[in-house]
> 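Just dropping this structure here.
Keep in mind that this is a model prediction, so the values were computed, not measured.
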Amino acid sequence: MHTLRDNSNFALKVECCGQVPTSLSAKAKEFHKQSKSIAEGDLIWVVFDRDEHDHVKRELDSLKAMEISVGYSNPCFELWLLYHFRDHHAPDDRNKVKKLLSEVCEGYCEKKLVLLDASEMNANLDEARARAKSGVEARASEGSELGAPSSTVYELFDSLGQ
């Protein structure tokens, strides 16, 4: 667990769980219920992707009902990373999206678990945000809210004022 601070008016606490959406959802709900430090204006975020997980819609709905925010990517989190380099509207599976990311991002290699340079990604954050928002809006207009491809991870950055 990490707490990051800068000269802004917020603290960011990050807990990496690497679990399926149902486990992440349960952990966030438990934290929400037990936390005595949640003050007016504090936010709880859960970030996960579709992959082939079961019960994603149920978890999204239950988190929303508890006012827990979700950064969700369909089919995979790598879509959000791909948006930093190019637009993408094809309903590809996660393997195809990861392949496309490896073609445009020299540092990405899922098998080697190479972490990407955040400063490089930050340079294209506005473009990624616009592409992600466009994808979410396009899927909604098609009647497939949060269908593939879509990512709401940009909303996390928006909530931080980035």
Side-chain angles (χ1 to χ4, degrees), residues 12 14-32 43-162:
L12 178 64
V14 178
E15 186 170 334
C16 301
C17 301
Q19 300 174 357
V20 297
T22 51
S23 299
L24 292 169
S25 176
K27 189 169 189 106
K29 291 172 190 174
E30 187 64 27
F31 179 79
H32 184 270
L43 300 171
I44 298 173
W45 277 86
V46 177
V47 178
F48 62 86
D49 56 18
R50 174 71 188 100
D51 285 344
E52 281 90 32
H53 300 299
D54 295 325
H55 312 296
V56 169
K57 174 79 167 107
R58 181 188 72 200
E59 296 308 321
L60 289 169
D61 291 344
S62 67
L63 289 165
K64 182 178 179 179
M66 291 187 71
E67 298 182 357
I68 296 173
S69 302
V70 178
Y72 172 70
S73 294
N74 185 357
C76 57
F77 182 77
E78 286 81 0
L79 176 65
W80 166 244
L81 303 176
L82 181 63
Y83 282 151
H84 286 75
F85 299 96
R86 59 169 280 205
D87 207 355
H88 186 75
H89 287 286
D92 294 321
D93 67 18
R94 66 183 172 148
N95 295 319
K96 175 67 175 184
V97 171
K98 290 175 183 183
K99 182 178 184 311
L100 291 170
L101 179 61
S102 70
E103 292 171 1
V104 296
C105 181
E106 185 177 317
Y108 175 75
C109 179
E110 178 190 20
K111 289 183 175 52
K112 293 182 182 177
L113 298 174
V114 174
L115 299 177
L116 300 176
D117 184 344
S119 63
E120 290 180 33
M121 302 297 286
N122 193 46
N124 297 328
L125 183 59
D126 290 337
E127 291 87 352
R129 180 186 285 129
R131 290 172 179 139
K133 187 173 183 180
S134 172
V136 168
E137 291 170 351
R139 301 303 79 77
S141 72
E142 297 165 359
S144 178
E145 186 175 3
L146 300 181
S150 64
S151 177
T152 63
V153 175
Y154 72 93
E155 294 174 352
L156 171 60
F157 289 89
D158 289 351
S159 75
L160 297 173
Q162 298 295 311

> Can you name the residues that form a ring-ring contact (aromatic ring centres under 6.0 Å, His included) with F48, not counting sequence neighbours?
Y72
> Give the intermediate values and the outcome of salt bridge (charged side-chain N to carboxylate O under 4.0 Å, His left out) for residues E142 and R139.
CA-CA 5 Å; E142 297 165 359; R139 301 303 79 77; 3.0 Å; yes
> In Å and rounded to the nearest 0.5 Å, what is the NE2 to CD1 distance from H32 to I44?
5.0 Å
> List for me each residue that meets salt bridge (charged side-chain N to carboxylate O under 4.0 Å, His left out) alongside E103, sequence neighbours excluded, and say none if there are none.
K99
> Do K64 and D61 meet the salt-bridge criterion of a basic N to acidic O distance under 4.0 Å?
no
> Spell out, as yes or no, whether a donor-acceptor pair under 3.5 Å connects the side chain of N74 to the backbone of L146.
yes
> Between D93 and K96 (side chain of the first, backbone of the second, donor and acceptor by atom type, cut-off under 3.5 Å), is there such a pair?
yes
> Hey, what do you get for OG (S151) to CD (E78), rounding to the nearest 0.5 Å?
10.5 Å
> Looking at D49 and F77, would you say the former's side chain and the latter's main chain have a donor-acceptor pair under 3.5 Å?
yes
> Answer whether the closest heavy-atom distance between the side chains of S134 and Y83 falls below 4.5 Å.
no
> Would you indicate whether the side-chain heavy atoms of V70 and W45 approach each other to under 4.5 Å?
no
> Should S73 and V153 count as side-chain neighbours, where that means a heavy-atom distance under 4.5 Å?
yes
> Looking at side-chain heavy atoms only, is the closest gap between S62 and S25 below 4.5 Å?
yes
> Quick one: do D51 and R94 satisfy salt bridge (charged side-chain N to carboxylate O under 4.0 Å, His left out)? Show the steps, please.
CA-CA 7 Å; D51 285 344; R94 66 183 172 148; 3.6 Å; yes
> Who pairs with R86 by side chain to side chain contact (heavy atoms under 4.5 Å, CB included), at least two apart in sequence or on another chain?
L82, H88, L100, V104
> Using the ring-ring contact (aromatic ring centres under 6.0 Å, His included) rule, pick out the option among F157, Y154, F85 that qualifies with W80.
F157
> To the closest 0.5 Å, what do you measure between CZ (R58) and CG (L63)?
10.5 Å
> Closer than 4.0 angstrom, basic N to acidic O: yes or no for E59 and K29?
yes
